[in-house]
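Proteins get letters first, then strands, A, B, ... in listed order; numbering begins at 1 in each. All values derive from a computational prediction rather than experimental measurement.
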There are 2 protein chains.
Amino acid sequence: MSGVRAQQKEKTRRQIINAALKQLSAERSFSSLSLREVAKEAGLAPTSFYRHFSDMDELGLTLVDEAGLTLRQLMRQARQRIAKGGSVIQISVETFMELIESNGNVFRLLLRERSGTSAAFRAAVIREIRYFTMELCDYLQKANNLDADVAYIHAHAAVTIVFGAGSDALDIDDKEEREQLAQQTIQQLRFIARGALEFSDRRKVSKKFR
Amino acid sequence: MSGVRAQQKEKTRRQIINAALKQLSAERSFSSLSLREVAKEAGLAPTSFYRHFSDMDELGLTLVDEAGLTLRQLMRQARQRIAKGGSVIQISVETFMELIESNGNVFRLLLRERSGTSAAFRAAVIREIRYFTMELCDYLQKANNLDADVAYIHAHAAVTIVFGAGSDALDIDDKEEREQLAQQTIQQLRFIARGALEFSDRRKVSKKFR
DNA sequence: AATTTAAGCGTACACGTGTACGCTGTTGTG
DNA sequence: CACAACAGCGTACACGTGTACGCTTAAATT
C-alpha cells in the first residue's frame, strides 16, 4: 500500500486539471473545451480521460472547487495584510485586483459558470461566493458593530461590487485604467459602508427609545 | 419597388431571430446554439440561413442589440411610473424584477455574453450597459445635485447592484424569496445613495471654505 | 416580354465529437 | 509466484457540425 500506483494516478489527474486550466482564456470557456482536447493537452489518449473523470462536467466541478479554494486563500492573504495595518477596503480591493491579474482565467471560470447552462455549476459557484460573503459578513458585524441583517446586506453588496469590478477588470489591459477602476471601486465600497453604518445607527437609536 | 420581396425577407429574418430567442433558456446559451438548429426552428434549410446572416456571430450581435433595446424600453417604462410618484429606487427595482420575470432569457443573454468568449459580444453588451449607466448618471446628477464624478460612481455602483440582483433572481423560483431579494436590493441601493450624498456634501463644504 | 436578381432547397463533404470495446503492461494482493 | 486490478492505448462507430455548390422559382428590372 505504498501507493506508487495511486501516486501516478493522482499525478495524471493533476495533469488533466492543469491541461483544462491552461486552455481556459478570454476566448475559450470551459464549456467550449472538448474531452479530446483536454486529454490531448494532458498527453493522454481520449479514452483514458474516463479513468479519472466520468464526464467533462465532473472535471468542471472540480475546477470550480479549485477556484473557490483560490478565492479563500486570497481572503486569508488579505486578512494578513490588513492585520499589518492600513485601510481595510483599500487592501481588499488591491488584493482582489492582484488575483485578477495573476489568476484571471480562474476568476473568469467562476464568473462564466455563475451564469452558465449547468445548474450544478451555477450552484457550486454560488456556494463559493456565499462562503466569501459570509466571512465578510462576520467580519463586518464584529468590526463595525452592525446589526446582523444590516451586516449581511452590506456584505452582499460589497461582494457584488467587487465581483463586478473584477469582471470589468478582465477586459482592461491598460494599467492606468485598471488603477482608476480600483479607485472607483474603493469609493463605491465606502459609499456602501457609510450608508450601512448610518442605517444601523439610526436603528439603534430607535431601539433605545422604544 | 413595392417591396413584396424585401418584406418577405424581413419576415423570415425575424423568424430566425425569434427561433434563436425561443431556444435560449437557463440550460441553453447562445453559443451552444447551432446554425442548423436555429434554421430548423425557423423552418428553413440550413443553407438558407446565410441569406440573412453571414455567421452565427452576426445573429448574436443582433440579439444583443435587441436585448439592449428591451433594456432601454424598460427604463422609459420605469421613468413613466416614477413620474406618477413613489420611491425612485423601489419602482426601479420593481420594474427591473418584472423584466427578469417576463424576459428572463433576454437578460440571461446579456449576462452571459458580458463574460463570454467573443470580444465583439462583450463589447456590445458593455456598450448597452454603459448607455444604461449614463442615463442613470444624468438623472442622479440632476435629481440629487451631485458632483459629476460622484454621480457617475454612484450610478455605476447602482447598476452593478441591480444587475447582480437580476443575476441572482434568475435562479430563484419562489416568489417570496424573490420579493425578499428585491427588498434587499432596495436597501443596498439606499446605502449607496446615502453614502454618495454624504461624500458629495462633504466635498461641497470643503469647497465653500477653500 | 425578356432578362436579371436573389431567397430558399437538397446534396455532399470533411471534420470534430463522445464513447464502447478489447488489448497490453505494470502494480498490488493473496 | 500466481492472479487480480487497473491505468492507458488504439480502433471503430454513429452523429452533429459548418458550409461549398448548383438548382429552382418567384419577384424585380429592363
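- Taking a 4.0 Å limit (strictly below) on heavy-atom distances, residues 47-65 of chain A reaches DNA chain C at T47(A), Y50(A).
- Atom CD of Q8(B) is separated from atom P of dG8(C) by 7 Å (rounded to the nearest Å).
- The only option from R79(A), R76(A), R130(A) that meets the side chain to side chain donor-acceptor pair (under 3.5 Å) definition with E135(A) turns out to be R79(A).
- Between the CG atom of L44(A) and the P atom of dG10(D) there is a distance of 11 Å, given to the nearest Å.
- Salt-bridge annotation for R81(B) and E98(B): present, with a side-chain N of the basic residue lying under 4.0 Å from a carboxylate O of the acidic one.
- Between the side chains of Q73(B) and Q77(B), no donor-acceptor pair is found at a separation under 3.5 Å.
- The ring-ring contact (aromatic ring centres under 6.0 Å, His included) check on F163(B) picks up F96(B), F107(B), F132(B), with sequence neighbours excluded.
- Taking 4.5 Å as the limit, every side-chain heavy atom of L71(B) sits out of range of all side-chain heavy atoms of Y131(B).
- Look at NZ on K9(B): it is 8 Å from C1' on dA7(C), rounded to the nearest Å.
- Against DNA chain C, the stretch residues 10-42 of chain A makes heavy-atom approaches under 4.0 Å through S34(A), L35(A), R36(A), E37(A).
- With 3.5 Å as the limit, one finds no donor-acceptor pair spanning the side chains of Q180(A) and Q184(A).
- The main-chain N or O of S32(A) is found under 3.5 Å from a side-chain atom of R28(A) such that the two form a donor-acceptor pair.
- Rounded to whole Å, the distance from CD on Q7(B) to C1' on dA28(D) is 15 Å.
- Under the 6.0 Å cut-off for aromatic ring centres, F191(B) and F191(A) do not qualify, their centroids lying 6.0 Å or more apart.
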